[in-house]
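Written out below as structure tokens is the structure these notes cover.
Computed over heavy atoms, backbone and side chain alike; hydrogens, waters and symmetry mates excluded.
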Amino acid sequence: MQLDVLTLLNAERAARRAAILVTDLDGGAQRVVREAEIPADPLAALLAKRLASGKGGLVEVEGREVFLTVQAPPVRLVIIGAVHISQALCPMAMALDLAVAVIDPRTAFATPERFPGIELVTLWPDEALGGAVPALDRYCAVAALTHDPKIDDPALMAALRAECFYIGALGSRKTHAARVGRLERAGFPPDAIARIAAPIGLDIGAVSPAEIAVSILAQVVAAQRTPRAGARA
């Protein structure tokens with residue numbers, strides 16, 4: 001691998017940006033396609049599909065063998081609220097190799113006994129994000145589960161600004177309608193607010209905390225594996 005190619009890949013990795021190394025096996029030529037460059041690339045559809053799957057591999061392009069090496073940042077799941085659903089969701093998410101953090105300023109709920117082995121941050125979201133918890137980005141999923149606007153709203157606003165690939169919020173349609181009003185008054189446009197999955201989770205008829213956790217995680221995986229359009233620099 002040439003030094004300039006390695007340097008570029010390392011820079012993208014350090015910045016938590018995805019990139020794909022395209023290697024022509026017939027001639028050995030290599031090039032790096034950064035995520036923001038995929039829509040304009042001749043192999044756009046193929047690269048987007050591979051990036052969404054997180055898996056590289058050998059492909060044939062116009063009669064030539066090409067190997068695609070996918071480099072994507074580790075996906076993080078930031079859960080707002082140390083509630084019963086969160087207790088069920090955390091081990092499931094970790095089983096899928098997601099990096100999990102739980103944020104809740106209510107120390108009576110956010111205890112190591114209730115969340116063994118989980119990163120717990122007992123701060124308000126606007127204090128925690130970008131501090132004790134790394135700043136959100138496009139490779140983060142955010143699940144707001146407290147049902148308390150004072151805690152959920154700042155996290156949702158941060159997730160919208162960061163263009164997280166998944167944003168979900170607990171609550172009924174009536175609750176979400178009130179949430180939409182608050183976000184609109186805070187200056188968020190309707191198309192941005194529409195990215196919030198609310199009520200959170202796939203509609204599988206979930207009732208128990210564990211079932212709701214399953215529905216949330218399924219929705220996160222679906223969003224993660226869907227090719228993203230309009231990648232930005």
Side-chain angles (χ1 to χ4, degrees), residues 75-93 98-111 114-115 118-203 206-224:
V75 174
R76 295 163 48 207
L77 172 61
V78 178
I79 301 171
I80 309 302
V83 297
H84 292 308
I85 296 170
S86 307
Q87 287 180 283
L89 180 57
C90 285
M92 295 181 191
L98 302 183
V100 181
V102 175
I103 300 174
D104 196 326
R106 303 170 301 182
T107 54
F109 293 94
T111 66
R114 298 182 72 230
F115 292 88
I118 301 298
E119 179 185 359
L120 287 173
V121 179
T122 54
L123 297 171
W124 293 86
D126 50 0
E127 298 175 313
L129 295 170
V133 176
L136 300 174
D137 58 35
R138 286 169 51 82
Y139 283 84
C140 291
V142 173
L145 304 179
T146 72
H147 235 304
D148 185 340
K150 297 190 300 298
I151 303 175
D152 285 346
D153 283 6
L156 293 172
M157 292 179 188
L160 289 171
R161 295 188 189 103
E163 297 185 343
C164 294
F165 79 87
Y166 174 83
I167 308 171
L170 190 66
S172 66
R173 287 176 173 80
K174 181 178 179 181
T175 297
H176 186 58
R179 180 187 294 126
V180 168
R182 295 192 300 273
L183 293 173
E184 287 178 340
R185 290 190 293 274
F188 288 91
D191 59 335
I193 298 172
R195 294 191 58 240
I196 300 174
I200 196 170
L202 296 182
D203 186 4
V207 177
S208 69
E211 290 174 346
I212 296 171
V214 168
S215 75
I216 294 171
L217 193 55
Q219 199 170 46
V220 169
V221 171
Q224 179 186 357

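Atom CD1 in I103 sits 10.0 Å away from atom CG in D126 (nearest 0.5 Å). Atom CG of D148 and atom CD1 of I80 lie 12.0 Å apart (nearest 0.5 Å). Distance check, rounded to the nearest 0.5 Å: CD1 of I167 to CG of L160 gives 4.0 Å. D152 CG to L145 CG: the interatomic distance, rounded to the nearest 0.5 Å, is 7.0 Å. The structure places CG of L120 at 7.5 Å from SG of C90, a figure rounded to the nearest 0.5 Å. M157 contributes atom CE, which lies 14.0 Å from atom CG of L136 (distance to the nearest 0.5 angstrom).
In F109, the CZ atom is not crowded: 12 or fewer heavy atoms of neighbouring residues, nucleotides or ligands sit closer than 6.0 Å. The local environment of CG in D203 is sparse, with at most 12 non-hydrogen atoms from other residues, nucleotides or ligands closer than 6.0 Å.
A heavy-atom distance below 4.5 Å is found between the side chains of R179 and L156. Taking 4.5 Å as the limit, every side-chain heavy atom of L77 sits out of range of all side-chain heavy atoms of M92. Side-chain contact between Y139 and R76: absent, with no pair of heavy atoms (C-beta onward) separated by less than 4.5 Å. Looking at heavy atoms from C-beta onward, P209 lies in side-chain contact with I85 at the 4.5 angstrom threshold. Counting heavy atoms from C-beta outward, Y166 and I200 have side chains that approach closer than 4.5 Å. No side-chain heavy atom of V180 sits under 4.5 Å from any side-chain heavy atom of I196. Using a 4.5 Å heavy-atom threshold, the side chains of I79 and I118 count as separate.
In this structure, T122 contributes its side chain and T107 its backbone to no donor-acceptor pair below 3.5 Å. Counting only distance, with no hydrogens or angles, the side chain of R182 and the backbone of D153 share no donor-acceptor pair below 3.5 Å.
Put simply, the residue from D137, V142, V220 that forms a side-chain contact (heavy atoms from CB on, under 4.5 Å) with F165 is V220.
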Task: L98 vs L217, side-chain contact (heavy atoms from CB on, under 4.5 Å): CA-CA, chis, key distance, verdict - done: CA-CA 10 Å; L98 302 183; L217 193 55; 4.0 Å; yes
TODO: Starting from the C-alpha separation in whole Å, work towards a yes-or-no answer on side chain to side chain donor-acceptor pair (under 3.5 Å) for R173 and H176.
DONE: CA-CA 5 Å; R173 287 176 173 80; H176 186 58; over 6 Å; no
